[in-house]
Amino acid sequence: MCDRWLNAPVSRSDDVLRVHRLAHTGGSAALLDWLAARLGGWTGVVSADAPDAAGAAAGRGREAPADAVRGAAEMAARGVRSAVLHGDGSATLLFALDAGRTLAAVLPVPHLPEAPALLADAAVPLALVLRAEEAEQREARAAVAEARAREAVLHLLMNGRLSTAHQIAEALRPSLPDPMRMYVAECRTGRRAEVARVCQESTGGRAWVVRCPVYVRHLIILVPADATAVSADHDPLAGALTAVDADCAVGVSGELALGQAPTAYTQAFHALAVARGRGERHARFGPGPELALAAHEAGAGWAGALLAPLHAYAPRRPQDPGGQELRATAHAWLNFGPHATRLLKVHRNTLAARIRLVETLLGLDLGRLPDQAALSLALRLTTGAERGSAGAEPAAAPALDAVLRDPRLTEWARAHLAGLAGPDAPPGARDTVRTWLAHDARLVPAAAALGVSVPGARKRLARIEGVLERSLLQSPSVRYDLWLAHRAEELAE
């Protein structure tokens with residue numbers, strides 16, 4: 001009796017249940033694979049408009065048989081819903097689905113007698129699951145498109161192109177906040193969506209959230225200055241974000257105008273370096289003098305002269321980057337080094353070629369920290385709108401020293417470096433930083449000069465990060481400002 005039950009034929013109702021389960025759990029691919037195994041032939045979906053592509057997609061990468069392609073085309077031409085084509089030793093059974101698509105099965109003769117009924121029963125759930133899969137694909141493409149558009153808005157903000165950024169942002173919603181605070185949230189990649197959701201709930205949907213194009217664990221969040229009640233020692237939004245996950249850390253900028261987005265990002269990034277070492281896992285940017293403000297009056301003319309060849313540069317070919325694009329490339333490279341390729345969406349060889357061109361135009365050696373610091377300061381002191389003469393000579397190196405001798409820069413430098421000699425500074429902090437800067441902020445030669453291992457040098461600098469409340473080891477780093485501060489102090493002495 002048991003043998004008879006095991007060998008009993010499968011009923012049509014069993015097949016229909018199996019079809020619906022597979023369509024629900026495995027999608028179109030699982031359903032077509034099962035039909036092929038159940039009927040002992042080829043099954044797939046063929047489109048009258050694009051038979052090869054559709055057959056390959058639905059037939060697990062196998063090209064659709066010629067009989068299936070020809071049958072789908074004839075069905076579409078005649079406007080019929082089903083057909084059978086007999087070939088040499090095979091039969092092709094076809095059932096219309098939707099959107100010009102056909103479920104086709106090429107089976108050996110003789111085939112199972114229940115094959116036509118099974119294919120007819122499978123046609124409706126297969127058509128539905130194909131529609132659902134296409135909807136999911138469209139939604140995924142839309143999500144990717146929105147994420148890239150938000151990245152573009154961020155890129156425009158970082159390069160001072162506020163008008164274009166506003167135009168794109170209005171189509172995506174919400175509007176860009178001005179004034180604003182910038183938050184940089186660091187969390188596991190699987191938790192970023194939850195962090196973004198909590199952020200929108202906490203701000204009533206007024207926050208502008210962008211996935212960082214450089215660091216995959218970071219979210220960049222622009223929040224209206226009046227969205228939350230922030231005090232010197234309390235930030236409810238930062239607390240809510242860190243509560244999402246134990247590994248989450250948040251850095252917060254000061255309240256700034258939207259046009260100061262690059263400064264806000266740098267502040268939030270430095271605050272993030274501090275937040276990683278705190279129990280509450282969030283921190284606001286520590287008070288301190290801003291280099292661009294201290295140096296603006298004394299250094300604006302020098303910066304304009306240095307960057308004049310870059311601003312005036314006109315490429316020989318229209319497809320090559322112009323002066324403003326080279327400026328944006330230099331800014332991204334100074335902030336993120338080789339990771340700038342992710343922000344700029346260019347190949348590393350393209351990035352290297354652009355940086356070499358910037359070096360040639362400005363007469364700088366960007367492999368050296370002093371020239372990197374000079375370019376970083378010049379970019380911060382100019383907007384990029386200045387136009388110079390194409391034949392302008394690069395500013396002479398001593399001109400920067402003249403800027404750094406200004407008493408306002410001397411005062412800024414001493415305030416900036418005060419933490420290295422304070423009571424909370426680790427022993428030898430000043431010498432460690434000075435040696436690191438003297439070796440172009442490279443860990444390996446700096447560690448050798450200090451007589452410690454590379455991990456030991458990294459630990460020293462990590463402790464100094466907490467004292468300065470600035471990021472040293474991860475870009476954007478404060479290394480340019482530290483070099484400028486040390487140089488200004490040397491000139492004053």
Side-chain angles (χ1 to χ4, degrees), residues 263 266-267 269-270 273-274 285-303 305-306 334-335 364-382 395-443 445-447 449-452 457 460-493:
T263 300
T266 302
Q267 289 185 358
F269 195 89
H270 289 323
V274 177
F285 180 70
E290 287 288 345
L291 172 59
L293 293 176
H296 186 270
E297 186 172 340
W302 162 82
L306 176 67
L334 288 170
N335 276 343
L364 299 176
D365 179 2
L366 294 180
R368 299 178 59 251
L369 181 59
D371 284 5
Q372 294 171 13
L375 180 56
S376 172
L377 177 59
L379 290 172
R380 281 179 279 175
L381 293 179
T382 57
L400 175 58
D401 282 354
V403 174
L404 296 178
R405 284 192 178 95
D406 187 277
R408 287 162 292 194
L409 269 296
T410 302
E411 183 182 353
W412 165 82
R414 288 170 177 164
H416 196 69
L417 299 174
L420 294 175
D424 297 328
R430 191 70 180 265
D431 289 338
T432 297
V433 171
R434 193 184 298 274
T435 302
W436 180 62
L437 295 174
H439 291 84
D440 293 325
R442 294 190 173 103
L443 267 178
L450 290 167
V452 299
R460 287 189 185 185
L461 291 171
R463 288 195 294 269
I464 294 170
E465 282 184 334
V467 173
L468 295 178
E469 297 189 357
R470 303 291 190 273
S471 174
L472 294 177
L473 296 171
Q474 194 172 16
S475 296
S477 167
V478 76
R479 61 183 178 271
Y480 307 132
D481 288 7
L482 283 175
W483 185 90
L484 292 166
H486 275 95
R487 181 60 181 161
E489 193 175 58
E490 288 173 1
L491 293 170
E493 294 172 354

Student: Would you find a donor on one side and an acceptor on the other, under 3.5 Å apart, between the side chain of T382 and the backbone of A378?
Tutor: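 Yes; at least one donor-acceptor contact below 3.5 Å.
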Student: Are side-chain heavy atoms of R460 and W436 found at a separation under 4.5 Å?
Tutor: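 When only atoms from C-beta onward are counted, W436 and R460 do not touch, as no gap falls below 4.5 Å.
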Student: For the side chain to side chain contact (heavy atoms under 4.5 Å, CB included) test, which of H416, R380, H296 pairs with L291?
Tutor: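 The passing option is R380.
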Student: Shortest non-hydrogen contact from L366 to D371?
Tutor: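 Looks like CD2-O, 4.0 Å.
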Student: Check whether any side-chain heavy atom of L377 lies under 4.5 Å from a side-chain heavy atom of L400, and answer yes or no.
Tutor: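 Heavy-atom side-chain distance check passes, below 4.5 Å.
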Student: So, for A300 and L381, which heavy atoms are closest and what is the spacing to 0.1 Å?
Tutor: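 Distance-wise, the nearest heavy atoms are N-CD1, 4.3 Å.
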Student: Using a 4.5 Å cut-off on heavy atoms from C-beta on, say whether the side chain of F285 contacts that of H270.
Tutor: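 With C-beta onward as the side chain, the pair touches.
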Student: Going by the rule salt bridge (Lys or Arg N to Asp or Glu O under 4.0 Å), which residues pair with R479 if we only count those two or more places apart in sequence or in a different chain?
Tutor: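 Per chain and number, R479 pairs via salt bridge (Lys or Arg N to Asp or Glu O under 4.0 Å) with no residue.
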Student: Among residues at least two apart in sequence or on other chains, which ones pass salt bridge (Lys or Arg N to Asp or Glu O under 4.0 Å) with R463?
Tutor: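 Salt bridge (Lys or Arg N to Asp or Glu O under 4.0 Å) check on R463 returns nothing, list empty.
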Student: Please report the closest heavy-atom contact between A421 and A425, naming both atoms and the distance.
Tutor: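 Distance-wise, the nearest heavy atoms are N-CB, 4.4 Å.
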Student: To the nearest 0.5 Å, how far apart are OG1 in T410 and CG in L404?
Tutor: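 Between T410 OG1 and L404 CG, I get 8.5 Å after rounding to 0.5 Å.
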Student: Measure the shortest side-chain to side-chain distance between S475 and N335 over non-hydrogen atoms and say whether it is less than 4.5 angstrom.
Tutor: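 Side-chain contact under 4.5 Å: no.
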Student: Within the side chain of D406, is there an N or O that forms a donor-acceptor pair under 3.5 Å with the backbone of R408?
Tutor: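 Judged by distance alone, yes, a pair lies under 3.5 Å.
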Student: Which heavy atom in P370 sits nearest to a heavy atom in D440, and how many Å separate them?
Tutor: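 P370 and D440 have their closest heavy atoms at CD-OD1, 3.8 Å.
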Student: How long is the straight-line distance from OG of S376 back to CG of L369, given to the nearest 0.5 Å?
Tutor: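 That separation rounds to 10.0 Å.
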Student: Charged N to carboxylate O below 4.0 Å: is that the case for E465 and R470?
Tutor: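 Salt bridge flag = no for R470 with E465.
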Student: Any side-chain heavy atom of L482 sitting closer than 4.5 Å to one from L468?
Tutor: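 The answer is yes; the side chains approach within 4.5 Å.
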Student: Return the minimal non-hydrogen interatomic distance between Q372 and Y480, and the atom names on each side.
Tutor: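 Heavy atoms of Q372 and Y480 come nearest at OE1-CE2, 3.4 Å.
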Student: Which heavy-atom pair separates A373 from W483 by the least distance, and what is that distance?
Tutor: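 It is CB-CE3, 3.8 Å.
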Student: Would you say that L491 contacts L409 through its side chain, given a criterion of any heavy-atom pair below 4.5 Å between the two side chains?
Tutor: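 A side-chain contact under 4.5 Å is absent here.
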Student: With sequence neighbours excluded, tell me which residues meet side chain to side chain donor-acceptor pair (under 3.5 Å) with S471.
Tutor: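 Listed in chain order: nothing, the list is empty.
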Student: Do I464 and T432 have side-chain heavy atoms sitting under 4.5 Å apart?
Tutor: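 They are in side-chain contact.
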Student: Any chance you could measure D401, atom CG, to W302, atom CH2, to the nearest 0.5 Å?
Tutor: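 Output value for this atom pair is 10.5 Å.
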Student: Does any pair with a residue in residues 413-425 pass salt bridge (Lys or Arg N to Asp or Glu O under 4.0 Å), and if so which ones, sequence neighbours excluded?
Tutor: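 For residues 413-425: none.
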Student: Holding to salt bridge (Lys or Arg N to Asp or Glu O under 4.0 Å), I want the full list of residues that pass it with E490, two or more places apart in sequence or in another chain.
Tutor: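 Salt bridge (Lys or Arg N to Asp or Glu O under 4.0 Å) check on E490 returns R434, R487.
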Student: Would you please name every residue forming a salt bridge (Lys or Arg N to Asp or Glu O under 4.0 Å) with D431, sequence neighbours left out?
Tutor: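 With neighbours one apart ignored, the set is empty.
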